[in-house]
Amino acid sequence: MTRDAFRVLLVSLAGLLVGLPLSLAAVSGLCAAAGVAGVDRVHIVMVAGPVVWTCLWFGMLWIAGPPPAKPQGSRKDASR
């Protein structure tokens, strides 16, 4: 396993183990701050929590992934 693949695997596991509970708690806290209670709050948390987590996970993977390769023809020849 390459170093980049191992880093992406670790970020993915951390996002699953830490990011999902934190995103559910954040959405629940926002619902509490907005005054939503009862079944409506449960439904909002069940739908919006995983959506927030998915966006967070893809963002973490985008940051942890290898940098994009530069095209070979981008530099001009120094001999000319």
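Quick note: residue numbers are just sequence positions, from 1. Keep in mind it's a predicted model, so treat the numbers as computed, not measured.
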Open item on the list: Under the salt bridge (Lys or Arg N to Asp or Glu O under 4.0 Å) definition, can you give me all pairs with a residue in residues 6-31, not counting sequence neighbours?
Closed with: D4-R7
TODO: Determine which pairs satisfy salt bridge (Lys or Arg N to Asp or Glu O under 4.0 Å) with at least one residue from residues 10-27, sequence neighbours left out, and list them in order.
DONE: none
Output a table of donor-acceptor pairs, distance under 3.5 Å, between side-chain atoms of residues 36-49 and any protein atom two or more places apart or on a different chain; print 'none' if there are none.
unit_1	atom_1	unit_2	atom_2	d
R41	NH2	S28	O	3.2
R41	NH2	S28	OG	3.0

Please list, one pair per line, the donor and acceptor atoms closer than 3.5 Å that link side chains of residues 51-61 to other protein atoms, with sequence neighbours excluded.
unit_1	atom_1	unit_2	atom_2	d
W53	NE1	G15	O	2.8
T54	OG1	P50	O	2.7
W57	NE1	S12	OG	3.2

Task: Qualifying salt bridge (Lys or Arg N to Asp or Glu O under 4.0 Å) pairs with a residue from residues 43-66, counting only residues at least two apart or across chains - done: none
Distance-only check: which donor-acceptor pairs under 3.5 Å involve side-chain atoms of residues 62-69, not counting sequence neighbours?
none

Open item on the list: By the ring pair (Phe, Tyr, Trp, His ring centres under 6.0 Å) test, which pairs, at least two apart or in different chains, include something from residues 19-42?
Closed with: none
- [ ] Taking side-chain contact (heavy atoms from CB on, under 4.5 Å) as the test, write out the residues that go with A5, two or more places apart.
- [x] M1, T2
